[in-house]
Number of protein chains: 2
Amino acid sequence: MVRLAMTQPQIEFRREEILDVALELFERGGIEAVSFRRIAFRLDCSYSAPYRYFASKHELLTALRARAFRWIEQRMVNAIAGSSSPIEQLRKLARAYMDAALELPDRYALMFFDIGDDDLDPSPELVEAKRAALGICTRVVAAAEKAGQLSLRVDPLSASHLFWGGAHGLVSLQVGSQFVMGRAYETLAPMMIDTLIAGLKAPP
Amino acid sequence: MVRLAMTQPQIEFRREEILDVALELFERGGIEAVSFRRIAFRLDCSYSAPYRYFASKHELLTALRARAFRWIEQRMVNAIAGSSSPIEQLRKLARAYMDAALELPDRYALMFFDIGDDDLDPSPELVEAKRAALGICTRVVAAAEKAGQLSLRVDPLSASHLFWGGAHGLVSLQVGSQFVMGRAYETLAPMMIDTLIAGLKAPP
DNA sequence: CTATTAACTTAATAGTGTTAATTTTATTCG
DNA sequence: CGAATAAAATTAACACTATTAAGTTAATAG
């Protein structure tokens, strides 16, 4: 018979507690600042204790990444709440995505930039979080097609990959401070959205 | 008076030698595999010696990143060599960029994904390498406008930011294995290029 | 030859992720 | 309740890491 000293909700609570501290450390000093020693110090436990909840640092960061995807998903959901027209929703959604990325660039970078072999043993939690976030986009694209506002030449999923890709590309050039566009970004962001919508519209 | 035991070219040679090993280590095992100890071991010197040439690991990785930008620049330059039409060149360039990224995804990831505070003390070498790579794109865009094949609503630099962003976004979704598009990518890559060109074309 | 100095080595510091052995703590059964 | 049992946390250790400082070698300029 299996006996648990902690009930499942308690375990989940402790996990979240650890992730809270990890996120705080990350947002202050990046990925390097996240260490089991530091987490343990803030949680007033030994540096080995968090291993009961996360098998490795990679697993911890993966959970953090999943959180970030759920966060940006929420931002998109909130953004489309007021609009009824799917094409309007698509615009709002893209804008919200980009704004979120620029508002917390480090968190956004975590989602995409710090990956060490995610292929092996992909976390179901992360996969689901990504799927859900992309799902918002896919649903809106599909709705726009149904409403006759978009005539897709590919399936809605592929179309939202294209859409997401465009939005992601522009902000990540800015976020990673790879190419600073400065004020030009304010012009380019709506322009990218218009361009992508136009591209999804075009009849041959 | 300043005396140098090594002439400037010799110093540059040693730097390149270190970078060669660092690149090899990186392409095998990612950023974690690059360490001064391992480099030193392969170069048959003490693990402290490379510090004469790179002040920190970050500086070493920055130099490696600059190399990668020059590499992808070369790929673009090679790609446009045969074409005379600017709009054709733009297509070829974008395709070559995306192909390069997918061919050596780890190297591409290094360019964009592993950045720890690049803002402070930006390496002139890296800044120049980025500028040069983007410059290819900007020049072709400008040429296309001059030839009447593109009617830009923004300056060529901003336009190429948009263009680069779109291409980068699509491949980086694939590269980081964030969203696997599988075969759909073959469709989406040309579609993204067409979409971006159409977006840069549109008259109001 | 001697002083200088670049290049390098050795040694040490402070930190990391991770594992194993051990102790503490709490729960469940008799 | 008390003893058995197992979970949770701790301590200690290992094998790394980046980085710095002090000391050494070797070559060159005057």
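Just so it is clear: chains get the letters A, B, ... in the order the sequence lines come, proteins before strands, and each one is counted from 1. Reckoned from all heavy atoms, side chains included, excluding hydrogens, waters and symmetry mates. Quick caveat, the model's predicted, so the values are computed rather than measured.
Closest contact between the side chain of B:Tyr47 and the listed nucleotides C:dA12, D:dT10, C:dT16 involves C:dA12. The B:Ser48 side chain lies nearest to C:dT9 when the options are C:dT16, D:dT10, C:dT9. If you check D:dA9, C:dT9, D:dT17 against the side chain of B:Ser35, the one that comes closest is D:dT17. When distances run from any side-chain atom of A:Ser46 to the nucleotides D:dA9, D:dT17, C:dG17, the shortest one goes to D:dA9. If you check D:dA9, D:dA18, C:dT19 against the side chain of A:Ala49, the one that comes closest is D:dA9.
The NE2 atom of B:His58 sits 10 Å away from the P atom of D:dT19 (whole-angstrom rounding). When rounded to the nearest whole Å, the span between CD of A:Glu32 and P of D:dA18 equals 10 Å. When the C1' atom of C:dA7 is taken as reference, atom CZ of B:Phe54 falls 16 Å away, rounded to whole Å. Rounded to whole Å, the distance from CD on B:Glu59 to P on D:dT20 is 11 Å. A:Phe36 places its CZ atom 18 Å from the P atom of D:dT11, with the value rounded to the nearest Å. A straight line from CZ of A:Phe41 to C1' of C:dG15 spans 15 Å, rounded to a whole angstrom. To the nearest angstrom, P of D:dA9 lies 10 Å from CD of A:Glu17. In this structure, CG of A:Leu43 is placed 10 Å from P of D:dT10, rounded to the nearest angstrom.
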Quiz item: After noting the C-alpha distance and the side-chain angles of B:Glu16 and B:Arg67, does the key distance pass the salt bridge (Lys or Arg N to Asp or Glu O under 4.0 Å) rule?
Solution: CA-CA 10 Å; B:Glu16 293 301 314; B:Arg67 257 199 185 190; 2.9 Å; yes
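Residue A:Arg38 places at least one side-chain N or O closer than 4.0 Å to OP1 or OP2 of C:dT16. Dashed line: the shortest gap from a side-chain N or O of B:Tyr51 to OP1 or OP2 of D:dA18 is not under 4.0 Å. Between B:Tyr53 and the phosphate of C:dC8, there is a side-chain N or O to OP1/OP2 separation shorter than 4.0 Å.
Annotation for A:Glu186: atom CD counts as buried by contact number, over 12 foreign heavy atoms lying within 6.0 Å.
Cation-pi geometry between B:Arg15 and B:Tyr53 is not met: the NZ or CZ atom fails to fall both under 6.0 Å from the ring centre and inside 45° of the normal.
Here the straight-line distance linking atom CD1 of A:Ile72 with atom OH of A:Tyr108 works out to 6.0 Å at 0.5 Å rounding.
Not one N or O on the side chain of B:Arg75 forms a donor-acceptor pair closer than 3.5 Å with the backbone of B:Ala96.
If you check D:dG30 for Watson-Crick or wobble pairing at under 3.5 angstrom, you find it paired to C:dC1.
In this structure, B:Ser56 and B:Arg52 both approach DNA chain D, and ranking their closest nucleotides by distance from the 5' end singles out B:Ser56.
The base of C:dG17 is paired with the side chain of A:Arg37 by a donor and an acceptor separated by under 3.5 Å.
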